[in-house]
Asker: 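This is the structure I have questions about; it appears just below.
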Amino acid sequence: MKLKKLCYFLLFLLLIGCTSQKEVIKELKSKSSDTYTLHVFKEDSGADEIDKEVNRIWNNNIKKIESVQFYDNFQKRNKEMIKALDIADFPTFVVLDDAKIVLKTTDLNDVTKMMEK
């Protein structure tokens, strides 16, 4: 009986520590069907040329991009999102509409092309 309780407890601990892709999408998605959110996953949090280029894309598409967020690979929550989204390379750019991921790429030019459509 004690073993069974211990197993349930360990299962509970595993479940509360896991973040699913569905949960991450719900958190990161756009609020409107007319706009996107852009999420940039980087190895570090320092400002660089990527940040400048992402901001340029955002400024040029202010009506299409609702928000832009940058994430490093150090904070626990960010690591959970990276794992849930199956991100292996950095930087990775993830674009979401109000329901799903519409683009996941390591090439910022793909984001630019998508916004030009």
Side-chain angles (χ1 to χ4, degrees):
M1 191 63 160
K2 287 183 181 183
L3 182 59
K4 189 175 182 180
K5 286 182 181 180
L6 178 62
C7 287
Y8 282 124
F9 178 72
L10 291 175
L11 180 61
F12 173 75
L13 288 177
L14 284 172
L15 291 176
I16 63 170
C18 296
T19 302
S20 72
Q21 185 176 45
K22 186 176 179 180
E23 291 171 323
V24 172
I25 289 172
K26 185 176 179 180
E27 182 180 331
L28 302 182
K29 69 182 183 172
S30 172
K31 294 175 187 163
S32 168
S33 61
D34 298 336
T35 60
Y36 301 103
T37 57
L38 171 57
H39 302 274
V40 182
F41 293 88
K42 300 176 9 173
E43 283 191 288
D44 59 40
S45 59
D48 55 21
E49 288 302 313
I50 292 170
D51 297 15
K52 291 176 187 175
E53 186 63 19
V54 167
N55 284 322
R56 186 193 63 73
I57 292 169
W58 189 15
N59 289 333
N60 290 339
N61 297 281
I62 200 76
K63 291 184 179 185
K64 289 183 182 180
I65 302 175
E66 177 181 303
S67 66
V68 174
Q69 291 288 325
F70 294 88
Y71 305 90
D72 61 36
N73 191 18
F74 300 116
Q75 295 181 21
K76 181 182 177 187
R77 180 67 182 136
N78 297 353
K79 287 181 180 183
E80 291 172 352
M81 288 191 290
I82 289 166
K83 183 177 179 182
L85 295 173
D86 196 29
I87 294 173
D89 299 310
F90 299 95
T92 294
F93 308 94
V94 181
V95 179
L96 294 95
D97 63 12
D98 63 333
K100 65 189 177 307
I101 295 173
V102 293
L103 179 67
K104 183 173 121 179
T105 182
T106 57
D107 187 348
L108 190 54
N109 290 322
D110 294 341
V111 177
T112 303
K113 289 174 189 172
M114 180 190 160
M115 294 302 154
E116 290 174 351
K117 292 181 183 179

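This structure is a prediction, so every number in the text was calculated from the model and none was measured. We're numbering straight along the sequence, starting at 1.
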Asker: Would you call L85 and T92 a side-chain contact if the rule is heavy atoms closer than 4.5 Å?
Answerer: no
Asker: Could you pull out the closest heavy-atom pair between F93 and T106, with the gap in Å?
Answerer: CE1-O, 3.7 Å
Asker: Rounded at 0.5 Å granularity, tell me how far CD in E80 sits from OG in S20.
Answerer: 11.0 Å
Asker: Say you draw a straight line from CG of N60 to CD1 of I65; how long is it, rounded to the nearest 0.5 Å?
Answerer: 9.0 Å
Asker: So which heavy atom on F74 is nearest to which on D44, and how close?
Answerer: CE1-CA, 3.7 Å
Asker: State yes or no: do V40 and M114 share one hydrophobic cluster built from I, L, V, M, F, W and Y residues joined by side-chain heavy-atom distances below 4.5 Å, directly or via other members?
Answerer: yes
Asker: Look at the side chain of D48 and the backbone N and O of D51, then say whether any donor-acceptor pair between them is shorter than 3.5 Å.
Answerer: yes
Asker: So do the side chains of R77 and T19 get within less than 4.5 Å of each other, counting heavy atoms only?
Answerer: yes
Asker: Tell me whether K31 contacts the main-chain N or O of E66 through its side chain, where contact means a donor paired with an acceptor under 3.5 Å.
Answerer: no
Asker: With the side chain counted from C-beta on, respond yes when D72 and E43 share a heavy-atom pair under 4.5 Å apart, and no when they do not.
Answerer: no
Asker: On a heavy-atom basis, which atom in V24 and which in A84 lie closest, and how many Å separate them?
Answerer: CG2-CB, 3.7 Å
Asker: Does the E53 side chain pair with the main chain of L108, one donor and one acceptor, at a distance under 3.5 Å?
Answerer: no
Asker: Would you say L96 and W58 are hydrophobically clustered, going by side-chain heavy atoms of ILVMFWY under 4.5 Å?
Answerer: no
Asker: Find the distance between CG (D34) and CG (D98) and round it off to the nearest 0.5 Å.
Answerer: 8.5 Å
Asker: Are I87 and I25 linked, directly or through other ILVMFWY residues, by side chains that come within less than 4.5 angstrom of each other?
Answerer: yes
Asker: So, taking the atom named CD1 in I101 and the one named NE2 in H39, what distance separates them when rounded to the nearest 0.5 Å?
Answerer: 9.5 Å
Asker: In the single-linkage hydrophobic clustering (I, L, V, M, F, W, Y; side-chain heavy atoms under 4.5 Å), do V102 and M81 co-cluster?
Answerer: no
Asker: Hey, any chance I57 and I62 share a hydrophobic cluster, counting ILVMFWY side chains that come within less than 4.5 Å of each other, even indirectly?
Answerer: yes
Asker: With side chains defined as the heavy atoms from C-beta onward, is the minimum distance between D97 and K29 less than 4.5 Å?
Answerer: no
Asker: In terms of side-chain geometry, is the basic nitrogen of K113 or E116 positioned less than 4.0 Å from the acidic oxygen of its partner?
Answerer: no
Asker: I'd like to know whether Y71 forms a side-chain contact (heavy atoms from CB on, under 4.5 Å) with V94, so could you lay out the CA-CA distance, the side-chain angles of the two residues, the decisive distance to 0.1 Å, and finally the verdict.
Answerer: CA-CA 11 Å; Y71 305 90; V94 181; over 6 Å; no
Asker: For the atom pair CG (D107) and CG (N109), what is the distance rounded to the nearest 0.5 Å?
Answerer: 4.5 Å
Asker: Would you find more than 12 non-hydrogen atoms of other residues, nucleotides or ligands less than 6.0 Å from D86 atom CG?
Answerer: no
Asker: Can you see which heavy atom on K64 is nearest to which on K117, and at what distance?
Answerer: NZ-O, 3.0 Å
Asker: Does M115 reach the side chain of V95, with side-chain heavy atoms less than 4.5 Å apart?
Answerer: yes
Asker: At their closest point, which heavy atom of K42 faces which heavy atom of P91, and how far apart are they?
Answerer: CG-CB, 4.3 Å
Asker: Less than 4.5 Å apart, any side-chain heavy atom of F70 and any of V54?
Answerer: yes
Asker: What pair of heavy atoms forms the shortest contact from F41 to F90, and how long is it?
Answerer: O-CD2, 3.4 Å
Asker: Determine, stepwise, if the pair E23 / K26 fulfils salt bridge (charged side-chain N to carboxylate O under 4.0 Å, His left out).
Answerer: CA-CA 5 Å; E23 291 171 323; K26 185 176 179 180; over 6 Å; no
